[in-house]
Protein chains: 2
Amino acid sequence: MSSTGLSAPGLSPAADEGLRARKRAATQSALERAAISLALEHGYDSVTVDMICEAAMVSPRTFFNYFGTKEGAFLGGTPPAPTDAEHRAFVHGTGRDVLGDLVGMIAAALADQSPDTDLLRKRRMLIERIPELLTGEMSRIAELEEHLVQLVLERFHTQGHAESDTLDQQDEARMVVFVAASVMRYSMQKWFSGGFTGTPAELLHHSLTLVRRVTGAAAPAPRSSPRG
Amino acid sequence: MSSTGLSAPGLSPAADEGLRARKRAATQSALERAAISLALEHGYDSVTVDMICEAAMVSPRTFFNYFGTKEGAFLGGTPPAPTDAEHRAFVHGTGRDVLGDLVGMIAAALADQSPDTDLLRKRRMLIERIPELLTGEMSRIAELEEHLVQLVLERFHTQGHAESDTLDQQDEARMVVFVAASVMRYSMQKWFSGGFTGTPAELLHHSLTLVRRVTGAAAPAPRSSPRG
DNA sequence: CAATAAAATTACGGTAGCTGCACCAATACC
DNA sequence: GGTATTGGTGCAGCTACCGTAATTTTATTG
């Protein structure tokens, strides 16, 4: 199941996957829709899992078979995980802009999800209203951090960095991931608070430019001896 | 062990605050210590609130009177807040290195309340080890971040930045705070994992240099018109 | 079409986090 | 001392979540 990457459906039920997969996708979709509608109507906290299940006509146990947590139904079934293709594209990237490429990969993984624009719209409305969900989504990304550090290290190696300063490379990789997390946090907050009118790509470009401006200003008076 | 055994370290033992406050601080400290030791011994998930309460000799109901959540006992009662003096020093800082100064202020605030460093270290290791705690801590810090954004904006104003591009300034302030948070996270991880031999000041300088190196690489092909 | 394997769904029971409430004990204030 | 606050506790209850085994649904094979 590693090849096509479709095993965890971003909800493309239609064509060839058989009746089983289609029903599965239908149930998942029904649960997500029920969850979001109910939350928009009654508020997130007052919606119980039982309510969602009743609306979607499944047993509560089934709910947790799909989403292991209540939050999951609101954020969407599949946590953002870059596909193998995206992995390779990043690791073998030739450019010097590791930070930009990493952010791009994460954003692409986020964008991979369901194309249902209406559901996305409602979900965005919900997240805008309940900040708890925003932090929830961020923590789903944070789960990947260790993995991302490994990816950055791989990229360093394939770019032929010397093996001698491996320790420095680990530090740098970790920092790249941390800063990328900041950029994602900034972008998502801006995105979900509705203060941005452009496309997601433009938003990312804006964020990357901003993070460079913010860090770029060198201190006017170099403290001790600069550059070690 | 009626009184002295737990003389409220990590909080303001406040010799003058009265018996009530002292007992309170003692109980809170006992709960936090019990929580962290138990988690280091048995793992976070297998530690129940009841276990912590039994070790700290309080009722489970009391536990939730102190920390509204299980997580709270592990993260500790009070996030570090800079003093008024530190506020002013930062806001009226004249240099261009806003990021460096902000990181400096946060670090100073951390150093101010020097509660039992051993407890801090154990807590830090736990937090980095358990992603659930990590995200929990980040969302707690997020509340503090709003305040920091305001501080950065104040500094911009006292530095006489034009009022016209207030929106841009808000964006920039927010990004400064986010990046500062990343720098702090990197520094603390490096510090408490024992991988750094120098002084805290040197560590901060190292982190700031690193974050600049990481973001410094300009994109090879500037897209459209930069410089919004 | 029938038999069988595999997978999804379900009911049931239980644990743990968390809360409101009312009561009692300790402390602060006068 | 007496009285008002405040902190600690037991109880009853709700909800998220999980292990397990039974039941139904789908896929497969002859």
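Predicted model only: the values in this text are computed from it and were never measured. In what follows, chains are A, B, ... by sequence order, proteins preceding strands, each numbered from 1. In what follows, every heavy atom counts, from backbone to side chain, and hydrogens, waters and symmetry copies are set aside.
- Figure legend: B:Arg124 and B:Trp191 shown without cation-pi pairing, the cationic atom not lying both under 6.0 angstrom from the six-membered ring centre and within 45 degrees of its axis.
- Between B:Phe178 and A:Tyr186, the angle of the ring planes goes over 60°, which puts this pair in the perpendicular group of the 30/60° scheme.
- Counting non-hydrogen atoms under 4.0 angstrom, A:Thr62 reaches a base of the nucleic acid.
- Checking D:dG7, C:dC18, C:dA6 against the side-chain heavy atoms of B:Arg20 singles out D:dG7 as nearest.
- Under the 4.0 Å criterion applied to side-chain N and carboxylate O atoms, B:Arg123 and B:Glu128 are not assigned as salt-bridge partners.
- At D:dC11, none of the side-chain N or O atoms of B:Arg61 fall inside 4.0 Å of OP1 or OP2 (strictly under the cut-off).
- Among the heavy atoms of the strands lying under 4.0 Å from A:Asn65 is at least one base atom, whether or not backbone atoms are also near.
- Taking side-chain N and O atoms only, A:Lys23 has a distance below 4.0 Å to OP1 or OP2 of D:dT26.
- Distances shorter than 4.0 Å separate some side-chain N or O of A:Thr27 from OP1 or OP2 on C:dT9.
- Neither OP1 nor OP2 of C:dG17 sits under 4.0 Å from any side-chain N or O of B:Thr69.
- A salt bridge between A:Glu143 and A:Arg140 is absent, with no side-chain N of the basic residue lying under 4.0 Å from a carboxylate O of the acidic one.
- At least one side-chain nitrogen or oxygen of B:Tyr66 sits closer than 4.0 Å to the OP1 or OP2 atom of D:dG8.
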